[in-house]
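Some notes on the structure that comes next.
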Amino acid sequence: MLLTNIEIIPGKRITKHLGLVQGSSVRAKHVGRDIMAGIKNIFGGELKGYTELLQESRDEATERMVEQARAVGANAVLNIRYSTSSVAVGAAEIFAYGTAVVLE
Amino acid sequence: MQYSNPHIPEGINTSQQNPLREFAILTGGLLVIVVVVALGLSLLVDHFANRIPFSAEKALTRRFETTTASQEMETYLNTLAQQLAQAQDLPPEFSIKVHYVDADTINAFATLGGNIVMFRGILERLPNENSLAMVLAHEIAHIKHRDPIRGAGRGVVIALALTTVSATLSNAVTDQVLASGGLLTALQFSREQESEADATALESLTRHYGHVDGADALFEVLEKESSSMAPPEFFNSHPGTETRIERIHQFATTLTGPEKIELTPLPPRFSDWFKRKEKKPAGASQRLP
Amino acid sequence: MQDLITFLVLLTFGYGFGRVIEARHYKSIISRENKFRGIPAVAIKVPPLGRPFTVALVQGNVVISVDYFKRFLAGLRNLFGGRVTSYESLLDRARREAILRMKEQAASQGAKLIFNVKLTTSSISQGRRGQIGSVEVLAYGTAIIE
């Protein structure tokens, strides 16, 4: 599966558009991470736990989008976008979407 | 097509100014604003408090009538209070009622409706009538100056203003600054009232006894009782005890009178009137609201 | 009184540690930016035509928290309005760090160029009354592998 956030790939022709595919993942942090983050909030610096959590969450969203694309018979997803929104206190939704296509 | 990645100079998206400078300016500015607003509100309350008739104040406290622990003590205190009120030219619509409370607290206070509360703790420690008169005259002066209603109004208005502001901002950290700024202003204001009450009390003592000797005994008692951990004057509602003693001595030097001054003793049966709870366990307990 | 002492201690710790951590982070950012100077990242959508290449989606993310002192300063700033200088360096650090991580990923795949770079910033609610104390920055783009 070819993933990209550009629209045209030189040397490759799009033979079929399969529409929008999307993947989302809502995750909450656990208390341990919260406590560490609380300490970091005094001194400043990177919250590694949150960085990893959001990365895992993003990977999952991408994976789900790819699953959709595979289900509709695509071999590439073009123009991928990510968005993050907090749905509740301590939980964030990561959303990935793109256009599923069949490339030559 | 040539793609390159040149070095971009630092400090375009960030400011290089030391954050401590900004911190000092902002904190100072906020404190000044809070103090000015609290001061303004206090003056406003003072202005309106003087217009509230004393009868309204009295009506407010009428239902808090109490029984007394010692009828003799209260009679004595009230007689002395009436004499001091006269010496102080208390307007006729003001009425003073002294209450005696059988508790170890070394304190006395004036409250709404012309009520003065004297605790056994302070009465036991006073050596003569002059010092007792100083306490009473001080509290009567508070009532004359309308300090209880001013204090109550000020407390309500400042608390209301602080709550409104911090609720609007809903910022946990600035609450800290707001609260401490408002509190310090309120304390400063009440220190002024205490000094004024002291001055009025000294004048009435002069009229009643012809001198102010013995008045400082009260503060010597307070000084002895207060722990060494006493907070600095800035954080306290009353002026420092030493300052107050000094003021009495200063006032005394302005008076001319006989060289030898006789202090007025307390009534001979004074110590019998305390009626401590230990002696009379049943029915003696009473408490003011 | 005790509240005030706790508050002042937190403020001092926040200021001291925050400054050290920030200085160290900037040093690391600058040295790594020089290391990856050979990989330009551009925000252009149209890829270079003519040469054949393969593509791969690359990304880098980071969550950075502001220290207690700077958060207090920002709170004060909220009253008066104006430039919140204490959050400027936080966002600057987060963006550059995210781009660097994206470049690291691209470099590991042998890419020489990243196309159509997008940056998204989101705040993570934290602390009493949901005050914003940390931001997440995600940088992603298409690595071009020749």
Side-chain angles (χ1 to χ4, degrees), chain B residues 1-37 161-184 187 229-232 234-237, chain C residues 1 3-4 6-8 10-11 15 18-19 22 26 29-30 33-34 36-42 44 46-51 67-80 82-93 95-96 103 112-115 127-131 144:
Chain B
M1 181 85 70
Q2 172 85 40
Y3 295 98
S4 69
N5 188 18
H7 175 76
I8 300 165
E10 294 289 324
I12 292 173
N13 276 320
T14 56
S15 45
Q16 300 303 308
Q17 195 196 54
N18 193 320
L20 281 180
R21 213 179 97 94
E22 193 188 350
F23 174 73
I25 293 170
L26 293 182
T27 316
L30 182 62
L31 273 176
V32 167
I33 290 171
V34 169
V35 166
V36 166
V37 169
L162 284 180
T163 317
T164 317
V165 172
S166 64
T168 327
L169 297 173
S170 82
N171 186 329
V173 279
T174 45
D175 282 4
Q176 203 91 39
V177 181
L178 284 175
S180 43
L183 189 69
L184 287 180
L187 288 180
M229 283 285 284
F234 192 58
F235 293 106
N236 210 323
S237 68
Chain C
M1 201 66 198
D3 278 1
L4 200 69
T6 320
F7 168 71
L8 287 176
L10 283 177
L11 215 58
Y15 179 73
R19 253 183 113 78
E22 184 173 303
Y26 262 122
I29 285 174
I30 291 166
E33 272 180 351
N34 286 328
F36 292 112
R37 202 152 290 286
I39 306 174
V42 294
I44 295 169
V46 185
L49 301 164
R51 286 177 289 176
D67 59 68
Y68 193 86
F69 174 79
K70 287 196 166 180
R71 187 156 47 246
F72 179 75
L73 203 55
L76 278 180
R77 219 355 132 195
N78 250 333
L79 303 180
F80 296 97
R83 214 147 56 110
V84 187
T85 51
S86 53
Y87 278 130
E88 283 175 351
S89 65
L90 175 80
L91 290 161
D92 185 52
R93 279 160 63 199
R95 297 227 166 86
R96 288 164 76 173
K103 284 188 177 181
K112 289 276 182 287
L113 188 60
I114 303 168
F115 249 75
R128 206 146 66 102
R129 300 193 196 171
Q131 221 179 4
I144 291 186

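Lettering of chains follows the sequences in order, A, B, ..., and the numbering in each one begins at 1.
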Separation between CD (B/Glu22) and OG1 (C/Thr85), nearest 0.5 Å, reads 3.5 Å

(message) Just checking C/Arg37: does its CZ atom have more than 12 heavy atoms from other residues, nucleotides or ligands closer to it than 6.0 angstrom?
(response) yes

For C/Pro40, the side-chain contact (heavy atoms from CB on, under 4.5 Å) test, sequence neighbours excluded, returns B/Tyr3, B/Asn5, C/Leu113

dist B/Thr14:OG1 -> C/Arg93:CZ (nearest 0.5 Å) comes out at 11.0 Å

Decide if atom CD1 of B/Ile12 counts as having more than 12 heavy atoms of other residues, nucleotides or ligands within a radius under 6.0 Å. yes

How about B/Phe23 and C/Phe69: are their ring centroids closer than 6.0 Å? yes

So, the part of C/Tyr15 with a heavy atom under 4.5 Å from chain B: the answer is side chain

CG of B/Leu26 to CZ of C/Arg77, rounded to nearest 0.5 Å, is 4.5 Å

Under 4.5 Å to a heavy atom of chain C? For B/Ser15 that would be both

Salt bridge (Lys or Arg N to Asp or Glu O under 4.0 Å), that's the test. Do C/Arg96 and B/Glu10 meet it? Break it down for me. CA-CA 12 Å; C/Arg96 288 164 76 173; B/Glu10 294 289 324; 2.6 Å; yes

Whatever's closer than 4.5 Å to a heavy atom in chain B on C/Ile39 counts as backbone

Practice task
For C/Phe80 and B/Ile33, run side chain to side chain contact (heavy atoms under 4.5 Å, CB included): C-alpha distance rounded to whole Å, both residues' side-chain angles, the deciding distance at 0.1 Å, then the answer.
Solution key: CA-CA 11 Å; C/Phe80 296 97; B/Ile33 290 171; 3.8 Å; yes

One should read off an interatomic distance between B/Leu20 CG and C/Arg19 CZ, to the nearest 0.5 angstrom, of 7.0 Å

